[in-house]
2 protein chains.
Amino acid sequence: MRSSDADLIRGFALFRGISDAIFDEVTADAAILDLPPDHVLLTEGERPEHLFLLLSGLIESFSQYNGKTTTLSFLRPPAALIVAAVWMDQPQLHSARTLARSRLATLPARAVRAALATDRAFCEAAGRELSIRYRDIFKELKNQRLRNATDRLANWLLTESQVAGSDEFRIAVGKATLAARLGISGEHISRAFAQLREHGVETDGKEMRINTAKLTAFAKPDPMIDGAEA
Amino acid sequence: MRSSDADLIRGFALFRGISDAIFDEVTADAAILDLPPDHVLLTEGERPEHLFLLLSGLIESFSQYNGKTTTLSFLRPPAALIVAAVWMDQPQLHSARTLARSRLATLPARAVRAALATDRAFCEAAGRELSIRYRDIFKELKNQRLRNATDRLANWLLTESQVAGSDEFRIAVGKATLAARLGISGEHISRAFAQLREHGVETDGKEMRINTAKLTAFAKPDPMIDGAEA
DNA sequence: ACGATTTGTTGACATACATCAATGGAAACC
DNA sequence: GGTTTCCATTGATGTATGTCAACAAATCGT
């Protein structure tokens, strides 16, 4: 592992406040993965052998059942994957694939659990990481239950705009992929975008330009549903 | 607090493996709440002042947005509420109300956070509790995205039957409440039950009798979606 | 620069579910 | 015991979203 990777990893929230000794223990057998786009790195139902840390790129977590596939989240760096599954040593509830060329670190699950069982600071950092993930997915369930497709898209665009820090930005994924993330069909997202044209959304391929005030009035964002947890 | 309550609380997963000293610290200012049915005990958006432990009864967590209400989960004892919100000292993402007369203990959030910040065992127990909750809600999101209303009902009935340990059981809630839990309207659940009559479900008010083999064949339960986490 | 492949859009139609209204039946209250 | 209220069911209809098919537009490979 390159030292630049080690520095990057050290900065993850998962390691905030922990001692160098424990950090070295957990990362002793770390490996780096460089993956091309559209590469499946986790398969639903398998026991986790590693904790994954996303250093760069973009990952989609998804799940399949009865012939259908749904996207559960997009993950951008810095992100830790399958913390809960590793902690409980239980099968992963989702698969994961790269949406872009991505760089990840893998930490042996056994080493992670050993550290959780001995180090308070690591345990606390992991608990806080999990709390954030819990709240994020809780919000996503509310989003799904309480909003229709167009509203979900509108609010997603507002959030992306905030992350980008501009009312003009480029989305990282294709529209079909975005549709899956929002829980709708590829065809339907076209119609949702068409509706949003009346509410301050201009699109040119992946380039978006939004009228924030107008779109906000339409989308009614709510901090109890929208925006990633700190 | 009665000593029988203290014993009950001591047995919660949240306190598994922790020292008596820390247990006493966390529960020093515990209070007991006896609530009638349909009493709101938590309101979405407020900062948590207490961690709640459900000792007996039944609770529904729900959320409202833009005039709509959705039920996120039913909670049965033993259950800990709003662990993530207390840990992060962030606003609760859901409200909660009793569905039946219920007995709860409240632990001051400050004391809980203090213990998390000092005690490894408590931190680990809380992390495991949180992992379980995370996985439960993750499953619920998959359930919502990957199944239609009738399939969700069918699988819910199978799970309830397993919990009851019998193919004959009584559901604890009214059908409208159950409908909300499944994310559908009160009217629609009647039609869903009607469909399931062909697949091994007999109902008489709240009494259910299912043909497990037949219903299983129809419902296609999946451990990656169904059943509470251990 | 060209054809080939993928990705997005649009229309027509099908399905799932919500809503509104009417009714029936069960439980609660004098 | 009768009335009242609540809860569940059913029918009719509306709306949101999915699916299939055709096509258009963008991207890729050579």
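Residue numbers start from 1 in every chain, and the chains themselves are labelled A, B, ... in the order their sequence lines are given, proteins ahead of strands. Since we're looking at a predicted model, the values are computed, not measured. Below, each value reflects all heavy atoms present in this structure, side chains not excepted, and no hydrogens, waters or symmetry copies.
- Screening Arg128(A), Arg135(A), Arg133(A) against Glu229(A) for a salt bridge (Lys or Arg N to Asp or Glu O under 4.0 Å) leaves a single residue, Arg135(A).
- Toward the 5′ end of DNA chain D lies the nearest nucleotide of Ala176(B), the other residue of the pair Arg191(B) and Ala176(B) mapping further downstream.
- Cation-pi contact between Arg147(A) and Tyr65(B): present, with separation from the ring centre below 6.0 Å and deviation from the ring axis of at most 45°.
- Picking from dG18(D), dT17(D), dA18(C) the nucleotide with the shortest atom distance to the side chain of Ser185(A) gives dG18(D).
- Summarising the geometry, atom CG belonging to Leu215(A) is positioned 11.0 Å from atom CG belonging to Asp167(A); distances are rounded to the nearest 0.5 Å.
- As a whole-Å value, the separation of His188(A) NE2 from dT15(D) C1' is 11 Å.
- Atoms CZ (Arg147(B)) and P (dT15(C)) sit 22 Å apart, rounded to a whole Å.
- The number of heavy-atom neighbours closer than 6.0 Å to CZ of Arg10(A), taken from other residues, nucleotides and ligands shown, is above 12.
- If you measure from atom NZ of Lys175(A) to atom P of dT9(C), you get 4 Å, rounded to the nearest angstrom.
- Taking atom CD of residue Gln195(B) and atom C1' of nucleotide dA8(D), one finds them 17 Å apart after rounding to whole Å.
- Distance, Lys68(A) NZ to dA16(C) C1': 11 Å, rounded to whole Å.
- If you check dA16(C), dT17(D), dT19(D) against the side chain of Asn148(B), the one that comes closest is dA16(C).
- Between Arg145(B) atom CZ and dT17(D) atom C1' the separation is 14 Å, expressed in whole Å.
- Taking 3.5 Å as the limit, the base of dC17(C) and the side chain of Glu187(B) contain no donor-acceptor pair of atoms between them.
- When the nearest nucleotides of DNA chain D are assigned to Asp204(A) and Arg152(A) by heavy-atom distance, the more 5′-ward of the two goes with Arg152(A).
- Comparing dT10(D), dT17(D), dA18(C) by their closest approach to the side chain of Ile184(B) singles out dA18(C).
- One atom, CD of Glu207(A), and another, C1' of dG8(C), lie 16 Å apart when rounded to the nearest Å.
- Between Ile189(B) atom CD1 and dT10(D) atom P the separation is 13 Å, expressed in whole Å.
- Residue Arg181(A) is tested with Glu60(A), Glu160(A), Glu140(A) for a salt bridge (Lys or Arg N to Asp or Glu O under 4.0 Å); the sole match is Glu140(A).
- Of all nucleotides listed (dG8(C), dA12(C), dT19(C)), dG8(C) comes nearest to the side chain of Ser190(A).
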